[in-house]
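A quick write-up on the structure given underneath.
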Amino acid sequence: MQKKNSNFIQLLHSIVGLVSFILIIFLVLTGLLLNHSDELSLYGKYPTNPVVLWLYGFQEKDEEADEDYIETPPTWEKVVTAFHGGRFFGKPINLLVDAIGVIILFQTITGLYIWLKKLRANKEP
């Protein structure tokens, strides 16, 4: 029974790891960009890609623009911060970012469990 539980946890650890891999890499890369935003001058550069600007919510001024209109486009630092924090697309993405945090915790705990089981199995005569 102990072997079955260990195999199930190892399988679950592998599946969750593979599914969450892309999202975790995305968070790591955006986090690294934010940690080095001074060196990369992200606070002084502005994106020009219309898709990035649209995702951020920036729009060119027109007759239909309301009082919340922002005249200056966001800096890359603000855009990366918004991506990293999951502020695009509202609540579902915020919940996804929360889920990634839980996944990282799950992967850490199950990885430690698997490692300790293998360590104990190697010590037994």
For residues 31-42, which side-chain N or O atoms pair as donor and acceptor with protein atoms under 3.5 Å away, sequence neighbours left out?
unit_1 : atom_1 : unit_2 : atom_2 : d
S37    : OG     : L34    : O      : 3.3
S37    : OG     : E77    : OE2    : 2.9

Problem set entry | Min side-chain heavy-atom separation Y43-W76 under 4.5 Å | no
For this session: Consider only side-chain heavy atoms of I, L, V, M, F, W and Y, link residues closer than 4.5 Å, and tell whether V16 and L95 are in one cluster.
Result: no
Problem set entry | From CD1 (I24) to CG (L29), nearest 0.5 Å | 12.0 Å
Exercise. At what distance, to the nearest 0.5 angstrom, does CD1 of I114 lie from CD1 of I109?
Worked result: 12.0 Å
Seminar exercise, completed: Residue pairs meeting side chain to side chain donor-acceptor pair (under 3.5 Å), one or both in residues 21-32, sequence neighbours left out, come to T30-H84
Problem set entry | Hydrophobic cluster membership, L11 vs V19, 4.5 Å side-chain cutoff | yes
For this session: Examine distances only and state if a side-chain atom of Q107 and a backbone atom of H13 form a donor-acceptor pair shorter than 3.5 Å.
Result: yes
Exercise. Who passes side-chain hydrogen bond (donor to acceptor under 3.5 Å, both in side chains) against S20, sequence neighbours left out?
Worked result: none
Problem set entry | Note, P74 side chain near L53 side chain (heavy atom, < 4.5 Å) | yes
Exercise. For L18, what residues pass the side chain to side chain contact (heavy atoms under 4.5 Å, CB included) criterion, not counting sequence neighbours?
Worked result: none
Exercise. Atom OG1 in T110, atom NZ in K117: separation rounded to 0.5 Å?
Worked result: 14.0 Å
For this session: Tell me whether V28 is reachable from F21 by hopping between hydrophobic residues (I, L, V, M, F, W, Y) whose side-chain heavy atoms are closer than 4.5 Å.
Result: no
For this session: Answer with yes or no whether the hydrophobic clustering places V80 together with V51; edges join I, L, V, M, F, W, Y residues whose side-chain heavy atoms lie under 4.5 Å apart.
Result: yes
Problem set entry | side-chain hydrogen bond (donor to acceptor under 3.5 Å, both in side chains) partners for T81, two or more places apart | none
Seminar exercise, completed: Separation between CG (L27) and CD1 (I103), nearest 0.5 Å, reads 10.0 Å
For this session: Show your working on side chain to side chain contact (heavy atoms under 4.5 Å, CB included) between Y113 and L116 and close with a plain yes or no.
Result: CA-CA 5 Å; Y113 173 81; L116 289 173; 6.0 Å; no
Exercise. Tell me, do F106 and L12 make a side-chain contact under 4.5 Å, heavy atoms counted?
Worked result: yes
Problem set entry | All side-chain hydrogen bond (donor to acceptor under 3.5 Å, both in side chains) counterparts of T75, not counting sequence neighbours | none
